[in-house]
A.B. asks: 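Just dropping this structure here.
Residue numbers begin at 1 in each chain, while the letters A, B, ... track the order of the sequences. Not measured: the values here are computed from a predicted model. Both backbone and side-chain heavy atoms feed into the values below; hydrogens, waters and symmetry mates do not.
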Amino acid sequence: MDHIERFYIDEKLADIKKDGFLNYRSKELPTWCPGCGYFGITQAIAKACNALSLPNENICVVSGIGCAGRYPIFMKAYGFHTLHGRSVPIASGIKLANEDLTVFAVGGDGDMLGIGGGHLPHIARKNIDITLFLFDNMIYGLTKGQSSATTPLGQKTNSHTKGNPDSPLKPISLALAYDASFVARGFAGDLDGMQDIFMKAIRHKGFSFVHLITPCVTFDKVNTWDVMRNGYHPIHESHDVTDRIAAMRLAEDQRFFLGVFYQDEKRPSYQEYLRQIHSA
Amino acid sequence: MDHIERFYIDEKLADIKKDGFLNYRSKELPTWCPGCGYFGITQAIAKACNALSLPNENICVVSGIGCAGRYPIFMKAYGFHTLHGRSVPIASGIKLANEDLTVFAVGGDGDMLGIGGGHLPHIARKNIDITLFLFDNMIYGLTKGQSSATTPLGQKTNSHTKGNPDSPLKPISLALAYDASFVARGFAGDLDGMQDIFMKAIRHKGFSFVHLITPCVTFDKVNTWDVMRNGYHPIHESHDVTDRIAAMRLAEDQRFFLGVFYQDEKRPSYQEYLRQIHSA
Amino acid sequence: MADIDIVIEICGSAGEGTISAGEILSRHMSSLGFEIMSFDSYPSEIRGFGKCVAHSRISNQQILSPGKYTDILVVLNDSHSIPQLHAVRENGVVIYDSQPPAYHEEDKSIAGWMAPGMIAYGIPLHSLANKAAGSARGRNMVALGAMAALFGIDEEGFKTSIMKRYATKKQVVIDSNVNSFEEGYVWAKKNVQKLDHLTFSKVKLRKVTQNRIIINGNQAVAQAALDSGIKLFAGYPITPATKIMEIMGKELPKRGGIMLQTEDELSAIGNVIGAGFAGKRAMTATSGPGFTLMTEMTGLAVMAEVPAVVVNSQRGGPSTGLPTKTEQSDLSLVLAGGSGDSPRIVLAPSTVEECYESTCLAFYLAEKYQTLAVLLLDFFLSNSIRNIDEPSLPDKKMLSANISPSKTDLKDYRRFQLTESGISPRALPGTPLGMFVATGLEHNERGKPAYDSKTHLEMTEKRYRKLDGILKEVSPPTWDGPKANVDIGVISWGSTAASAHEAVLKARKVGVNAAFMSSMLLVPLNVDHFVKFSAACKTILVPELNYSGQFAAHLAQYLNRPIEKLNRITGLPMPSEDIFEKIMEIADTQKR
Amino acid sequence: MADIDIVIEICGSAGEGTISAGEILSRHMSSLGFEIMSFDSYPSEIRGFGKCVAHSRISNQQILSPGKYTDILVVLNDSHSIPQLHAVRENGVVIYDSQPPAYHEEDKSIAGWMAPGMIAYGIPLHSLANKAAGSARGRNMVALGAMAALFGIDEEGFKTSIMKRYATKKQVVIDSNVNSFEEGYVWAKKNVQKLDHLTFSKVKLRKVTQNRIIINGNQAVAQAALDSGIKLFAGYPITPATKIMEIMGKELPKRGGIMLQTEDELSAIGNVIGAGFAGKRAMTATSGPGFTLMTEMTGLAVMAEVPAVVVNSQRGGPSTGLPTKTEQSDLSLVLAGGSGDSPRIVLAPSTVEECYESTCLAFYLAEKYQTLAVLLLDFFLSNSIRNIDEPSLPDKKMLSANISPSKTDLKDYRRFQLTESGISPRALPGTPLGMFVATGLEHNERGKPAYDSKTHLEMTEKRYRKLDGILKEVSPPTWDGPKANVDIGVISWGSTAASAHEAVLKARKVGVNAAFMSSMLLVPLNVDHFVKFSAACKTILVPELNYSGQFAAHLAQYLNRPIEKLNRITGLPMPSEDIFEKIMEIADTQKR
Ligand SMILES: Cc1ncc(C[n+]2csc(CCOP(=O)(O)OP(=O)(O)O)c2C)c(N)n1
Ligand SMILES: Cc1ncc(C[n+]2csc(CCOP(=O)(O)OP(=O)(O)O)c2C)c(N)n1
Ligand code: SF4
Ligand code: SF4
Ligand SMILES: [Mg+2]
Ligand SMILES: [Mg+2]
């Protein structure tokens, strides 16, 4: 208990020193477990917003349900904590209603790839200009440790005590197959890398898919900080981000790469395309 | 009217001559439009079943809603015409309950990729041993000609009279990204090709994804028989069906290929895997 | 000058032009100044031999229901038409093809099934069509021509109406149709000896005013949405609501709005709620199966206090059910809504005019009260065509109803502030000091999740309190008839209410002491009026188009008394004749 | 030998072992032969400072409700515990940490908030735990030790219970816990002067029989499903139903079944319906938000006549609502079900015993009547722990209930044959002559889609007719009390029914002429019995855990009379004390 308290205070103090971070942080103390990867992601999003000087009131953060779903509560912006799996259509509606807003859709692996997975191909093919942050901790956190769509095959969880029988989905491969116009991956332990990716993603005109690898320190004793720190590699600078097939090859690689896999800057966003087609 | 009648009779007469076809055909006259590609698919499925000597009563055909959804009514087998988009989970439940059955999931592009699209990644990653037939006519047939998930960009439909603003999904790319263990494409005009693919798909132990290109002669005046006949190419014999990246490259090619894109014969089906894990 | 009130049915197979013939007839009669109500039924299959019926009631008087009995049956397909004969009046007219195409079986010829009193006119539709245009396709037009000749409808004007209908087609199509009509007209004039007394030529008509439009329920809803300033329509096709989406697809972009076709109904309502959150008016339209998928989100709109308008045009159920048949059996589902105590606005128009009115209301109320408004139509109302006076546009107050926070509010902004009205000033994204987080979790005044008993009670009360304000915004229920000592009080809702009203008027004409009540606003319900009505009536009768009496069950909690029910699940609109009969039956029992 | 009936609450922050301490206490007291009912509340966040309360009622008499007032409050976190003080009896006991960890603010110390009459025992939980195991983690065990010392619970037996609880953990964990307990026990024995009169040591107990099990509602449901021969459980996690899935994941594979974790609730119920179609027993379990997503499929099970069992353990609503709070506010949703007229079986157990019984019934009825059965639990029932007699297994008749077609049936098989019972013999895939197509469209006896009025009416009647048979299978509602001239009749359902029963028994003890009725089977409802009960009672009171009175509204259509309501939406189970008070209030009014 006092341990928990100290953790938050330390974090706070450290943060205050880093300029701008608190500009995008609400007054609510996160309800996440100490050590959860979500703290780092929160920080990186705040830093990216700060670096881009986004007016807080023009940001709309939409989330589903889960530990990740709590995110908007801790951000200083307009927020909508919606239903499990439904952040994407709601974020889409917000953007279509007011193109001036910067719209984020945030959710966990269960939220975005399980119950909400059906929305992804369609937001991608429509290329609606929102940025999706997938907080992938490979587990159902909030409901206490069941297998999710990205839990490794054979891993023991609270729902599969003998081992998860479902092969994990590969979020980057999915986003590429869906023709998302911006596809990238960050790691919760790599603050600078994340900030860089987030800035590119937010600036991108069209649908941006950002996959974030992050540990659930409470319910996943396999995919820990240590394991993760040693498992990821930055994408080589020589990678051509306009080459889909190359991106797919990277995504299918056994090693986990971090960085921007793919970006198509020429494709018009949904609203741009509508303007073209209806003015023609 | 008399025109319609004549069509059915001709079809019937021709079929009777082909051995075995009628063994898998129910007594119901299809309610499809004359010239609809679904007639050819129906025939090819019947022929494949016949060639494999599947006992009718051990076949379970599960469909969603749509013109394609009507299919089970015209087949001599157990059938379940379920809800729009839900053939896959129901087919899955049937297989899990009785592994002796040969289970097909059948549906249109709207059914399988639109409203039901969220189920595909999961049936694939679980590798449940059913065969999925996607009747892709690039349109919503039953509701009379609205854009679907595979309608080409810019095509005029009843919902998008100025042109469809949503880029089409690429079913084969999706199935590959989902790790389906069998992925193939047929064309409604190519009976022998379809029969061959269907036999392989049905024999495959695990989830088989079969994409079928078929024209809607009533509501799609763009993607006609003629256009289709000239747009497809058989996959070259040199293609290695165990090479996922090669398969992806084929799937992303501008040309439309027909045949088996990918097959993993080593991966255990869901029920096989469960037996392994629980006997260990 | 005589009055007229007749029902014409055209019956054929899908693909025979049955529905088009009905449409042309109705439009033409309307252009002449008749009141019309038309309604088609057709199979849910695209092709095949499905049965189509185009039903039109044509009168020079007010029409409230489609009419149960047929005066003129036009037969394009014999076997489909045989069951329709039951509805033909004793001395009704049957027009049929005296040279029909091949029959499957001998006993499927309509001729063998007509009752002795019926007046049958055999016309060689097939060969006349062939003669006129070289194909049997024009049989429907030949039939219209024959009708014009037989029942005194002007030939030239009718031709103009046909040309209008096919104006966008190739000339050869227009010509074939007009020629076929002509062929039928001439043949009938020459060869048919008129045995009936039906004629339109001697009827006294009201003057055709300019702002009279022909429109069905779906069109009225779409027009009202456009007139209410809708900015996003998000939809997924489903019978009988698809047409609303298609109209939006055409019209919204012209007004700078967006029609988004989504991957499913979850996404459709999700986009609507998103747009509502961002401060723009948005709507979706579906039918029962789609609505079931939306139920979770309906609860979110209520809980997070976001405006959303959802149309549910009901069809036969349960499950996929009877996609092209009408029913009022989604009421319980819509009233119950999502999980939990989930108060929402429910509006059920009973006429095409009310479709327009209730849609405007839905947008206004949803926005002002920051909640969900459901419009309950049905297949019949969506598709039944009326000629109505052009409705008046929503006024300024209705067009911009969001209550924004004042500067003082924003100093220490509590988005979900507990107020007397239940309405908390709502900041829209983009407002510098208004930032808040909306959530589907229970939450305190600032939107922070809170599960303590006090907060949950206060917030639930707040959400329910809005209903009191809403009730005051809408005119009270219709109460037609005496205010006390009523023998039979008929309460109804939705499309059945119009039939019920007609039946009550008729019953009063024959001396029954009956009264009628209905409310377009089902939730919140004006309980006071219903209780008063109930107190004034010896017997209460609730007719509706479902099996179990869903509205009757709902009313029971307020009325605390036995309720007579009249339920029909024929797939057809409620005949006012059936309600009338039931009223007479009750009147009889009361006398004993 | 005295009787005892006391409520103990342990209150702390998430992560402080509050819930485990409560669990150990309950299990230990049960092992001694006491009746127990325990119930925890906790926040829906995983970590942070959320409030946890472990509530246990312990008695040597029958227990039907958790008890509203606290006899002993154990404080692990001061600020969370302050609101709990309201429930402590006038002369109740408060055990608190006399050396608590740093407070945020001065006025958050529990000491300052205790009412004068309360008996406060300050124990240095923090330092004793540190002393025992080198960390503050064991504060909960220190508290248990102190309790054992103070209220006469045997020390050694208690230690064994602690060891059992941590049996699977490392020895160091077991030791720390036991040592902390010991430290508390010894310290309290030595330092605390007992001021209260509560003691367990002199209570007369019933003999501990062997087949007595400790189990909560979720466990009872899971066990019943296993005992009923379930072959497929398909589920998606959601509080408070997740545990059912997790038990299935462990136990089903051992019996050759499959636990399938699906991508969402649509898929979960889809797999259940698939397995049902293939002839195997299957179930899913969810809560309100998940159930809303299942509504479309519930209609399919009804229409296509496929057995399916769905558990909905209700939590606070609407929307995501109050995930860890109890409520009975999904009733309307579940009763209304899918779109259309969609009759289904609804069972609502009111005790842990009935959770077992109703699950067995659900499997049997769903299979025999080929339809959907919904079990309505709530957060409280799912999680409240009782020690009960081991339930008796379902008999053979119940285990295999499908009515298969005879050889004659199969000669010309009509899957949806119209029968008197509404049940049509059902062929399972694999049966050579039984092939048919099931559909969610309306269909004729052979399963072919058909939308004509006659078929729809006949088939709707068939589906409703099954309800008559089902009613006969289940024992009639409980009617406790006089059969005529009752002053106050209390009708309730689900977990509230048990509280209501207790309240009625208590009211009768103090001379009020009250009676009680409840039914585990909500649909079909035994209307006759309810009408008779209603006729026997001057006033009818319906207490339930929702705002609008959902069951009262449902009953109204059958009772045609005014109904008194008692609604609570505190997030907590219904206190029998509140119902008792309301009964007394009504009794008072009646006298005037
Ligand atoms: C319709 C519905 N089903 C289930 C739930 C329960 N639920 C809440 S969060 C969650 C999963 C959370 O996992 P994930 O999305 O990976 O987020 P994390 O907690 O790991 O951040 C589930 C199943 C719900 N709230 N709503
Ligand atoms: C929940 C739900 N939403 C919508 C519909 C309406 N509907 C029926 S079929 C269909 C689309 C059919 O298109 P597709 O799946 O491509 O099949 P096709 O008719 O082209 O074969 C739709 C939208 C429905 N039946 N249920
Ligand atoms: S449970 Fe896991 S994901 Fe959730 S807050 Fe804790 S560490 Fe993070
Ligand atoms: S509408 Fe199109 S898909 Fe449907 S039956 Fe006709 S041709 Fe085939
Ligand atoms: Mg997760
Ligand atoms: Mg299609």
A.B. asks: Counting only non-hydrogen atoms closer than 4.5 Å, does A:His119 touch chain C with its backbone (N, CA, C, O), its side chain (CB onward), both, or neither?
C.D. replies: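 A:His119 touches chain C through backbone and side-chain heavy atoms alike.
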A.B. asks: Measuring from A:His81:NE2 to C:His443:NE2, what's the distance to the nearest 0.5 Å?
C.D. replies: 12.0 Å
A.B. asks: C:Ala427 versus chain A, heavy atoms under 4.5 Å apart: side chain, backbone, both or neither?
C.D. replies: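 Contact with chain A: backbone and side chain both.
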A.B. asks: Would one find more than 12 heavy atoms of other residues, nucleotides or ligands at under 6.0 Å from atom NZ of C:Lys243?
C.D. replies: no
A.B. asks: Tell me, for A:Lys95 versus chain C, whether the close heavy atoms (under 4.5 Å) come from the side chain, the backbone, both or neither.
C.D. replies: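 Looking at A:Lys95, nothing touches chain C.
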A.B. asks: Indicate yes or no: at least one non-hydrogen side-chain atom of A:Val62 is less than 4.5 angstrom from one of C:Phe277.
C.D. replies: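 SC-SC contact between A:Val62 and C:Phe277 ruled out.
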A.B. asks: For the candidates C:Leu433, C:Ile273, C:Leu300, which exhibits the highest count of non-hydrogen atom pairs separated by less than 4.5 Å from chain A?
C.D. replies: C:Leu300
A.B. asks: What do the steps show when you test C:Leu260 against A:Ser92 for side chain to side chain contact (heavy atoms under 4.5 Å, CB included), and what is the final call?
C.D. replies: CA-CA 10 Å; C:Leu260 183 82; A:Ser92 156; 4.3 Å; yes
A.B. asks: Mind ranking A:Leu274, A:Ile90, A:Leu101, A:Asn58 by heavy-atom pairs under 4.5 Å with chain C and telling me who comes out on top?
C.D. replies: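 Max contact count across the listed options: A:Ile90.
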A.B. asks: Tell me, side chain or backbone of C:Leu428 under 4.5 Å from chain A's heavy atoms, or both, or neither?
C.D. replies: backbone
A.B. asks: Can you tell which part of C:Ala304 gets under 4.5 Å to a heavy atom of chain A, answering side chain, backbone, both or neither?
C.D. replies: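 The side chain, not the backbone.
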A.B. asks: Ignoring hydrogens, what is the shortest heavy-atom contact between C:Pro449 and A:Arg70? Give both atom names and the distance.
C.D. replies: CG-NH1, 4.2 Å
A.B. asks: Check for a donor-acceptor pair, side chain of A:Tyr78 on one end and backbone N or O of C:Thr431 on the other, with a separation under 3.5 Å.
C.D. replies: yes
A.B. asks: Of all heavy-atom pairs between A:Gly93 and C:Leu232, which one has the smallest distance, and what is that distance?
C.D. replies: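 For A:Gly93 versus C:Leu232, the nearest heavy atoms are CA-CD2, 4.3 Å.
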A.B. asks: Identify which of A:Asn98, A:Asp100, A:Leu96, A:Leu83 forms the greatest number of heavy-atom pairs closer than 4.5 Å to chain C.
C.D. replies: A:Leu83
A.B. asks: Taking all non-hydrogen atoms of both residues into account, name the closest pair between C:Glu263 and A:Gly118 and its distance.
C.D. replies: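 The answer is CG-O, 4.0 Å.
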A.B. asks: Using a cut-off of under 4.5 Å on heavy-atom pairs, state which of C:Gly434, C:Pro429, C:Gly270 scores highest against chain A.
C.D. replies: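 Among C:Gly434, C:Pro429, C:Gly270, the one with the most close pairs to chain A is C:Pro429.
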A.B. asks: With a 4.5 angstrom heavy-atom cut-off, could you sort out which part of C:Lys448 is near chain A: side chain, backbone, both or neither?
C.D. replies: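 Only the side chain of C:Lys448 comes within 4.5 Å of chain A.
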A.B. asks: What residue in C:Pro432, C:Ala278, C:Gly440 has the most heavy-atom pairs under 4.5 Å with chain A?
C.D. replies: C:Pro432
A.B. asks: Which region of C:Val306, side chain (C-beta onward) or backbone (N, CA, C, O), has a non-hydrogen atom less than 4.5 Å from a non-hydrogen atom of chain A, or is it both or neither?
C.D. replies: side chain
A.B. asks: For C:Met303, which atoms come within 4.5 Å of any heavy atom of chain A: side chain, backbone, both, or neither?
C.D. replies: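 No part of it gets close to chain A.
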A.B. asks: Heavy-atom pairs under 4.5 Å with chain C - which of A:Lys126, A:Gln271, A:Arg275, A:Lys76 has more of them than the others?
C.D. replies: A:Lys126
